[in-house]
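This report refers to the structure that appears directly beneath it.
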Amino acid sequence: MTDFQEALYTTLRRIPPGRVINYGRLALVAGYPGYARAVGSALHALDERYPAVPWWRVINQAGRISTNCPVHTALEQRSRLEAEGVQFNEQGSINWQRHGWLENEAV
DNA sequence: AGTTTGACGCTCC
DNA sequence: CGGAGCGCCAAAC
């Protein structure tokens, strides 16, 4: 477990249900600005070993689901998010103003 | 150790 | 709104 991954997962665990964040912002808040792409690798490393990390709350800047992981499928991610109240529009994207996570938001 | 790939993002067009 | 180009960093080759 690298420092980067630990910082990332720690930050991710602070995000409450029904809230989402994009890769770049997650990296930024975790203290690794510019590591947006690396976030994908870090989340891909997630599996059954880290059930406490809400990987499904991470989507891309466009507000759409990006995963292509066979273990954590886009379908599963969308289901999990919808179960938390996150709504997707006709284009399959979410509204950041409605569901975006604000760091200063109380947990 | 050099290259290629990929759950990204920003800027143009 | 959709797509191409480029910079980004870690992992996989």
Polar pairs (N or O, both sides) under 3.5 Å between protein and nucleotides 2-6 of chain B?
from: B/dG6; atom 1: N7; to: A/Arg37; atom 2: NH2; distance (Å): 2.9
from: B/dG6; atom 1: O6; to: A/Arg37; atom 2: NH1; distance (Å): 3.1
from: B/dG6; atom 1: N1; to: A/Arg37; atom 2: NE; distance (Å): 3.3

Between [N] atom [atom2] and [X] atom [atom1], what is the distance in whole Å?
X	N	atom1	atom2	answer
A/Leu28	B/dC10	CG	P	11 Å
A/Arg25	B/dC10	CZ	C1'	16 Å
A/Asn60	B/dA7	CG	P	12 Å
A/Leu81	B/dA7	CG	P	18 Å

Quiz item: For A/Arg19, does the CZ atom sit with more than 12 other heavy atoms under 6.0 Å from it, leaving out its own atoms?
Solution: yes
Quiz item: Does atom CG of A/Asp3 have more than 12 heavy-atom neighbours, drawn from other residues, nucleotides or ligands, at distances under 6.0 Å?
Solution: no
Quiz prompt | Terminal contacting nucleotides, 5' and 3', DNA chain C versus chain A (heavy atom, 4.0 Å) | solution = C/dC1 to C/dA10
Quiz item: At under 4.0 Å between heavy atoms, what does A/Tyr23 touch on the DNA or RNA strands: base, sugar-phosphate, or nothing?
Solution: base
Exercise. Have a look at A/Thr67 and say if it touches a base, only the backbone sugar-phosphate, or nothing, with a 4.0 Å heavy-atom cut-off.
Key: base
Quiz item: Under the criterion side-chain contact (heavy atoms from CB on, under 4.5 Å), which of A/Thr11, A/Ile15, A/Leu12 is the partner of A/Val29?
Solution: A/Thr11
Any heavy-atom pair between the side chains of [Y] and [X] that's under 4.5 Å?
X	Y	result
A/Trp96	A/Val20	yes
A/Arg57	A/Val86	no
A/Asn95	A/Asn89	no

Exercise. Identify whether the distance between the nearest side-chain nitrogen and carboxylate oxygen of A/Arg80 and A/Glu76 falls below 4.0 Å.
Key: yes
Practice problem: Give a yes or no on whether A/Trp55 and A/Met1 share a hydrophobic cluster (residues Ile, Leu, Val, Met, Phe, Trp, Tyr; joining criterion: side-chain heavy atoms under 4.5 Å apart). | Solution: yes
